Protein chains: 2
Amino acid sequence: MYSGIVKYSYLIINKMKFFEKLETVKKCPVSYVLAVQDTLNAFHGKWKMPIIGTLLFGKKRFKEIEREVKKITPRMLSQELKDLEVNGIVTRTVYNTTPVTVEYELTPSGQELHLVMEAMIHWGLQHRQTNIMESLPALNMGRQSA
Amino acid sequence: MYSGIVKYSYLIINKMKFFEKLETVKKCPVSYVLAVQDTLNAFHGKWKMPIIGTLLFGKKRFKEIEREVKKITPRMLSQELKDLEVNGIVTRTVYNTTPVTVEYELTPSGQELHLVMEAMIHWGLQHRQTNIMESLPALNMGRQSA
DNA sequence: AATACCACTATACAAAAGTATACTGATATA
DNA sequence: TATATCAGTATACTTTTGTATAGTGGTATT
């Protein structure tokens with residue numbers, strides 16, 4: 001159902017599990033907490049994830065992002081892009097054309113976020129399989145009381 | 001400076017990078033989007049991450065969590081634990097003692113979140129090294145203008 | 001001359017998230 | 001008898017986050 005790449009990723013992640021288990025997190029030095037906070041910050045709010053998501057496909061102009069990220073207002077887009085810029089996740093390049101062209105692109109660091117997203121995808125898919133379907137009986141076999 | 005386990009994790013993650021790059025995310029089927037949303041949901045808000053964090057060390061009672069997660073109010077803790085429970089991330093067990101004892105524990109699925117946290121730690125540490133220090137000149141060498 | 005495009009900004013407002021403070025009832029300890 | 005502990009709940013409030021709507025200046029198209 002999912003690509004071989006995902007299967008491979010699953011194996012890798014299982015290997016990580018085997019070697020690390022909770023040990024890494026349990027040591028939990030302060031720098032780890034800061035690191036997690038930074039990452040959470042990168043995705044913070046309703047719009048950063050979809051914005052980063054489209055930019056993973058390549059650099060884009062303001063209006064292009066606005067069109068691709070459904071329902072976002074220019075105010076929010078502007079605000080979030082500024083935020084991502086000061087946090088070193090996207091770069092903003094102004095071209096001296098008429099009318100001006102402004103391009104947003106993920107920094108190398110920003111592109112690395114796809115690893116976090118993949119860990120999220122992995123967890124989310126697994127979690128849905130083992131939990132959500134079971135806890136919502138109405139979704140199983142189309143049976144429903146009353 | 002960091003444990004060998006982390007170094008190993010770094011190698012694994014680099015391997016993943018080599019094999020997957022952005023391909024997985026670029027395919028981006030609907031189920032992936034849902035998966036990411038579920039994961040973001042698991043961490044949503046100010047308190048879920050620290051709560052899950054302490055529970056990674058083992059099951060705890062309400063008051064224990066309240067003491068360990070600094071500054072949280074019982075209202076917030078109660079609310080977030082309920083949320084985590086209905087989402088299949090923690091279980092709640094009531095013991096018939098006097099006064100009652102209630103224990104919260106991560107489900108297997110909840111424990112798997114440590115993989116996501118480790119991906120976040122990895123990104124955050126790397127991002128700090130390559131970005132934040134450079135973009136805040138005041139932090140470099142103690143030099144400061146004015 | 002009127003309208004559309006670009007990359008935004010301004011203002012006002014609504015909704016969501018989080019905080020402060022006090023309280024519950026049963027038991028145990030000082 | 002007074003106070004503390006357990007696991008929370010109730011009420012009112014503030015702060016943060018997001019929305020709605022309109023407007024900017026300069027150019028290009030109709």
Side-chain angles (χ1 to χ4, degrees), chain A residues 33 36-55 57-87 89-106, chain B residues 33 36-55 57-87 89-106:
Chain A
V33 177
V36 171
Q37 276 172 2
D38 285 353
T39 313
L40 245 28
N41 222 27
F43 290 127
H44 187 239
K46 190 177 177 183
W47 298 111
K48 292 211 184 64
M49 177 67 88
I51 291 168
I52 293 167
T54 43
L55 289 178
F57 291 74
K59 56 184 170 189
K60 300 242 160 69
R61 285 180 292 127
F62 190 90
K63 276 283 168 184
E64 287 180 302
I65 305 174
E66 195 184 339
R67 274 190 292 267
E68 288 186 28
V69 178
K70 304 298 177 196
K71 305 267 183 182
I72 197 170
T73 60
R75 184 189 198 270
M76 277 295 114
L77 182 53
S78 170
Q79 198 179 101
E80 299 297 60
L81 284 171
K82 259 176 206 154
D83 226 58
L84 292 169
E85 200 193 347
V86 304
N87 284 312
I89 293 162
V90 305
T91 54
R92 178 176 183 273
T93 319
V94 184
Y95 294 98
N96 204 349
T97 56
T98 47
V100 277
T101 308
V102 182
E103 269 186 356
Y104 294 91
E105 188 174 12
L106 290 175
Chain B
V33 177
V36 171
Q37 277 172 2
D38 285 352
T39 313
L40 246 27
N41 221 29
F43 289 127
H44 188 240
K46 190 176 177 182
W47 298 111
K48 293 210 184 68
M49 177 67 88
I51 292 168
I52 293 167
T54 43
L55 290 178
F57 290 73
K59 55 185 171 186
K60 299 240 160 71
R61 284 179 293 125
F62 189 90
K63 275 284 168 184
E64 288 180 301
I65 306 172
E66 195 183 341
R67 274 189 293 267
E68 289 186 27
V69 177
K70 303 297 176 198
K71 306 266 181 184
I72 196 170
T73 61
R75 184 188 199 271
M76 276 294 116
L77 182 53
S78 169
Q79 196 178 103
E80 299 296 60
L81 284 170
K82 261 175 205 155
D83 225 58
L84 292 169
E85 201 194 345
V86 305
N87 284 311
I89 292 162
V90 305
T91 55
R92 179 177 182 274
T93 319
V94 184
Y95 294 98
N96 204 349
T97 57
T98 48
V100 278
T101 309
V102 181
E103 270 186 355
Y104 292 92
E105 188 174 12
L106 290 175

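Scope of the values below: all heavy atoms of this structure, side chains included, with no hydrogens, waters or symmetry mates. Just so we're clear, the structure is a prediction, and the values are computed from it rather than from any experiment.
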When you check the phosphate oxygens OP1 and OP2 of [N], does a side-chain N or O of [X] lie under 4.0 Å from one of them?
| X | N | value |
| --- | --- | --- |
| B/Lys46 | D/dT17 | no |
| B/Arg92 | D/dG8 | yes |
| B/Ser78 | D/dT9 | yes |
| A/His44 | D/dT17 | yes |
| A/Lys82 | C/dT9 | yes |
| A/Tyr104 | C/dC8 | yes |
| B/Arg67 | D/dC6 | yes |

task = Please tell me if the side chains of B/Arg92 and B/Val94 come closer than 4.5 Å, counting only heavy atoms from C-beta onward.
result =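 Yes, at least one pair of side-chain atoms sits under 4.5 Å.
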
Notebook entry, point to check: With a 4.5 Å limit on heavy-atom distance, are the side chains of B/Leu84 and B/Leu55 in contact?
Noted result: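 No; the side chains remain at least 4.5 Å from each other.
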
Exercise. Starting at the 5' end of DNA chain C, which residue's closest nucleotide do you reach first, A/Leu81 or B/Thr98?
Worked result: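 Comparing both residues, the 5'-ward one is A/Leu81.
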
On DNA chain C, does the nearest nucleotide to B/Trp47 precede the nearest nucleotide to A/Glu66 from the 5' side, or the other way round? Give the residue.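 Per heavy-atom nearest nucleotide, the more 5' residue is A/Glu66.
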
Pairing of [X] and [Y] as salt bridge, 4.0 angstrom limit:
| X | Y | answer |
| --- | --- | --- |
| A/Arg61 | A/Glu103 | no |
| B/Glu66 | B/Lys63 | yes |
| B/Glu68 | B/Lys60 | yes |

Would you mind reading off the distance between [X] atom [atom1] and [N] atom [atom2], rounded to a whole angstrom?
| X | N | atom1 | atom2 | value |
| --- | --- | --- | --- | --- |
| B/Lys71 | C/dA17 | NZ | C1' | 19 Å |
| A/Lys70 | D/dT19 | NZ | P | 16 Å |
| A/Arg61 | C/dA7 | CZ | C1' | 10 Å |
| B/Gln79 | D/dG8 | CD | C1' | 13 Å |
| A/Tyr95 | C/dC8 | OH | P | 13 Å |
| A/Glu64 | C/dC8 | CD | P | 13 Å |
| A/Ile65 | C/dC6 | CD1 | P | 13 Å |
| B/Met76 | D/dT16 | CE | P | 14 Å |

Report task. State the CG-CG distance between A/Asp83 and A/Asn41, to the nearest 0.5 angstrom. Result ->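 Reported to 0.5 Å precision, the distance equals 7.0 Å.
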
Which listed nucleotide (D/dC6, D/dG26, C/dA7) is nearest to the side chain of A/Pro99?
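So the side chain of A/Pro99 is nearest to D/dG26.
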
Note to self: Using heavy-atom distances to pick each residue's nearest nucleotide on DNA chain D, tell me which of A/Glu80 and B/Lys63 is more 5'.
What the structure shows: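 Whichever sits nearer the 5' end wins; that is B/Lys63.
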
Note to self: Between the base of D/dT19 and the side chain of A/Arg75, is one N or O donor paired with an acceptor at under 3.5 angstrom?
What the structure shows: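 Present.
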
message = Categorize A/Thr101 for me: base, sugar-phosphate, or nothing, with a 4.0 angstrom heavy-atom threshold over every strand shown.
response =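 Since only primed, P, OP1 and OP2 atoms lie under 4.0 Å of A/Thr101, the category is sugar-phosphate.
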
